[in-house]
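Input: a single structure, listed below in structure tokens.
Just so it is clear: chains get the letters A, B, ... in the order the sequence lines come, proteins before strands, and each one is counted from 1.
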Number of protein chains: 4
Amino acid sequence: MKVLALLGSTRKNGNSEYLVNKIVEGTDHTIVSLAEQHIEPIVDMRHTEEGFSPVEDDYEELVQLMQDHDVLLFATPLYWYGMSGPMKNFFDRWSQYLRDERFNLKEELTKKKAYVVITGGSSAKIKGLPLVQQFQYIFEFVNMEFTDYMIGAGVKPFEIVNDVAALEKADVWNKKFK
Amino acid sequence: MKVLALLGSTRKNGNSEYLVNKIVEGTDHTIVSLAEQHIEPIVDMRHTEEGFSPVEDDYEELVQLMQDHDVLLFATPLYWYGMSGPMKNFFDRWSQYLRDERFNLKEELTKKKAYVVITGGSSAKIKGLPLVQQFQYIFEFVNMEFTDYMIGAGVKPFEIVNDVAALEKADVWNKKFK
Amino acid sequence: MKVLALLGSTRKNGNSEYLVNKIVEGTDHTIVSLAEQHIEPIVDMRHTEEGFSPVEDDYEELVQLMQDHDVLLFATPLYWYGMSGPMKNFFDRWSQYLRDERFNLKEELTKKKAYVVITGGSSAKIKGLPLVQQFQYIFEFVNMEFTDYMIGAGVKPFEIVNDVAALEKADVWNKKFK
Amino acid sequence: MKVLALLGSTRKNGNSEYLVNKIVEGTDHTIVSLAEQHIEPIVDMRHTEEGFSPVEDDYEELVQLMQDHDVLLFATPLYWYGMSGPMKNFFDRWSQYLRDERFNLKEELTKKKAYVVITGGSSAKIKGLPLVQQFQYIFEFVNMEFTDYMIGAGVKPFEIVNDVAALEKADVWNKKFK
């Protein structure tokens with residue numbers, strides 16, 4: 001199973017990245033930090049005659065990566081009770097590429113399995129739930145299996161090492177991906 | 001009452017903009033399209049010694065605008081069951097400016113009243129609810145009153161004119177803001 | 001269109017009942033106060049050999065009423081951020097009667113249209129949202145259209161008369177049901 | 001630490017009960033099956049002159065039990081995407097006893113720690129989230145700490161033994177309660 005981990009955090013070595021490293025250790029995987037990619041916001045052209053125009057950024061490589069992996073692992077710290085801005089811009093652009101006939105994204109996504117890692121403070125286990133529901137609606141829309149999620153407790157660097165339940169879950173996922 | 005309308009849409013003359021125009025008609029207001037502003041994503045430096053660095057973009061003007069108005073009206077189409085990417089980047093940067101001593105944002109926000117306009121297809125009345133909850137957590141965090149919200153039905157340009165309840169609510173808000 | 005209004009409140013002349021009366025005025029309707037019916041809690045026998053046993057209470061009449069109406073209007077004050085206990089017991093018993101071959105409930109429900117009225121204090125517009133989501137999952141499960149909902153502001157008797165938006169929505173529904 | 005487990009299920013030896021037994025094993029605890037108690041629905045008398053009347057049922061013993069324990073463990077199967085009817089009637093009656101001066105319930109609840117166990121089918125991890133949010137609002141209202149929750153996968157009797165993550169979490173809680 002090939003795992004594509006898409007990181008939403010805008011700092012290096014954060015808690016969500018720590019969990020992702022645990023989850024993919026020893027698996028066939030690719031890790032991409034979305035904040036380090038050049039991803040333009042969507043320009044909504046769905047209702048225009050000319051439709052979407054090609055965009056000069058890194059997005060098409062990401063489309064290719066999604067198509068080439070079996071598991072899509074979305075990992076984001078809870079920023080203002082949602083996914084990070086760079087991850088949101090990443091999803092918004094799906095609207096463009098689901099319609100782009102050079103790719104096969106719409107059909108390919110239905111074959112993937114989605115996993116979600118959210119990290120945040122102690123309130124994240126409750127206040128991260130609208131984000132879990134949002135992910136559910138997203139995956140349901142593209143008909144992708146939402147296999148599992150975890151909400152880990154960690155704000156300051158490396159705090160996550162104290163969240164035993166999150167580490168155990170990371171281990172369970174790791175075994176499935178090997 | 002001075003109203004600052006912050007638009008999240010990435011197309012011109014969309015349904016959320018239509019509602020905003022109804023809501024602010026004849027009031028003392030400013031409308032800003034976030035997608036037309038240069039807003040860099042946050043770079044999370046909360047846990048570093050050096051802290052946040054100044055960013056060369058349009059954000060500081062937006063901080064000033066928020067401080068100078070009484071009502072903050074957030075209007076976004078439902079993009080992948082959340083606010084648009086440009087609006088998300090806008091909120092993420094609050095983390096930086098709430099800590100910036102050149103401004104008084106943290107205290108000023110507690111005096112504002114927040115209103116939210118969400119537009120989307122017929123399922124938005126249900127599938128937009130996690131976004132309403134996210135806004136609630138955001139406003140609660142900065143101790144700002146979340147006065148009211150509406151979820152209007154409109155995807156194609158001008159469809160919103162058929163949502164009588166949304167138009168009526170826009171009218172009620174308009175009277176309050178005059 | 002025949003409207004069956006099912007009231008969850010445990011007091012007479014409350015705010016949700018007030019809205020229901022506005023909504024059904026002049027329509028072909030039946031109003032049932034669930035708290036005044038004898039409704040036993042479910043006894044979960046799904047996984048036993050003998051299955052469910054007949055229960056001596058008023059439930060079978062309610063099943064007949066649901067089958068005989070086109071619109072099911074569920075109205076409940078927000079009790080502890082959910083529907084009232086009597087209304088919950090009412091839904092729980094669906095598990096029994098969806099399996100009861102003397103009735104045709106499972107198929108009949110797919111033809112009905114569901115409307116929901118929730119009333120509560122000023123926080124209900126936010127804190128009633130999990131209940132709206134619960135209703136959505138319920139109606140989705142039985143494949144019934146969830147046409148619309150409203151959350152009215154009213155705790156003390158007759159406070160609801162100040163919620164102009166709720167009264168207007170009641171009027172819109174009333175016109176549809178006539 | 002004294003643990004009071006309140007079971008919402010209406011069948012014996014179900015999956016939520018199985019988890020509860022794991023959680024309280026070897027601790028100082030009391031288990032109460034709410035469905036086996038006589039609990040009348042609330043009759044809402046908050047806005048009447050005479051106020052609430054005494055009710056002849058088992059509720060006052062439950063009030064005493066809550067006051068006498070440190071941890072309140074609420075365990076319910078997901079019935080129609082909410083807590084069971086008997087558990088809902090249990091919470092509804094809080095409205096009466098928080099006002100009853102013979103008890104000290106309002107103040108005592110602020111000292112308790114709440115834990116929640118929800119069990120259901122594979123969709124419960126998502127479709128149980130509105131119920132988690134409802135519990136959050138309930139505990140917030142009475143100012144009780146909502147320490148943790150779990151959503152276990154199990155519908156048919158004993159299916160829960162396959163949910164390794166739930167069993168591990170039960171073990172972690174058990175160690176805390178000993």
Considering only heavy atoms from C-beta outward, does the side chain of A/Pro77 approach that of B/Asp44 to under 4.5 Å? no
Approximate separation, where rounding is to 0.5 Å, of B/Leu131 CG and A/Leu131 CG: 11.0 Å
Enclosure of B/Glu145 CD (heavy-atom neighbours >12, cutoff 6.0 Å): yes
Answer yes or no: does atom OH of A/Tyr97 have more than 12 heavy-atom neighbours from other residues, nucleotides or ligands under 6.0 Å? yes
Gap between atom CD1 of B/Ile42 and atom OH of A/Tyr79 - 0.5 Å precision: 7.5 Å
Interatomic distance, A/Tyr81 atom OH to B/Phe135 atom CZ [nearest 0.5 angstrom]: 14.0 Å
Side chain, backbone, both or neither of B/Glu40 within contact of chain A (heavy atoms, under 4.5 Å): neither
Closest heavy-atom contact between B/Asn89 and A/Asn89? ND2-ND2, 3.2 Å
Is it true that atom NZ of B/Lys111 has more than 12 heavy atoms of other residues, nucleotides or ligands lying nearer than 6.0 Å? yes
Chain B interface, residue from A/Pro157, A/Gly14, A/Ala35, A/Ser123 that has the most non-hydrogen pairs under 4.5 Å: A/Pro157
Is the distance between the ring centroids of A/Tyr137 and B/Trp80 under 6.0 Å? no
Non-hydrogen side-chain atoms of A/Glu159 and B/His47 separated by less than 4.5 Å: no
Go through the atoms of B/Ile126 and report whether side chain, backbone, both or neither lie under 4.5 Å from a heavy atom of chain A. both
Tell me, side chain or backbone of A/Thr48 under 4.5 Å from chain B's heavy atoms, or both, or neither? neither
Considering non-hydrogen atoms only, spot the tightest contact between B/Asp92 and A/Gly85 and give its length. OD2-N, 2.8 Å
Taking atom CZ of B/Phe103 as the centre, report whether more than 12 heavy atoms of other residues, nucleotides or ligands fall under 6.0 Å from it. yes
Heavy-atom count around B/Glu140 CD within 6.0 Å, excluding the residue itself: above 12? yes
Less than 4.5 Å to any heavy atom of chain B: does that hold for the side chain of A/Pro41, its backbone, both, or neither? side chain
Are there more than 12 heavy atoms of other residues, nucleotides or ligands under 6.0 Å from atom CD of A/Glu50? yes
Quick check on B/Val132 against chain A: is it the side chain, the backbone, both or neither that has a heavy atom closer than 4.5 Å? neither
Given side chains that start at C-beta, do those of A/Arg46 and B/Val155 come closer than 4.5 Å, heavy atoms only? yes
Flag the pair A/Met45 / B/Arg11 as yes when at least one side-chain heavy-atom distance between them is below 4.5 Å, and no otherwise. no
Do A/Gln134 and B/Lys127 touch side chain to side chain, with heavy atoms closer than 4.5 Å? no
Region of B/Ser9 in contact with chain A, defined by heavy-atom distances below 4.5 Å: neither
Between A/Gln133 and B/Pro130 the two heavy atoms that sit nearest each other are CB-CG, 3.8 Å
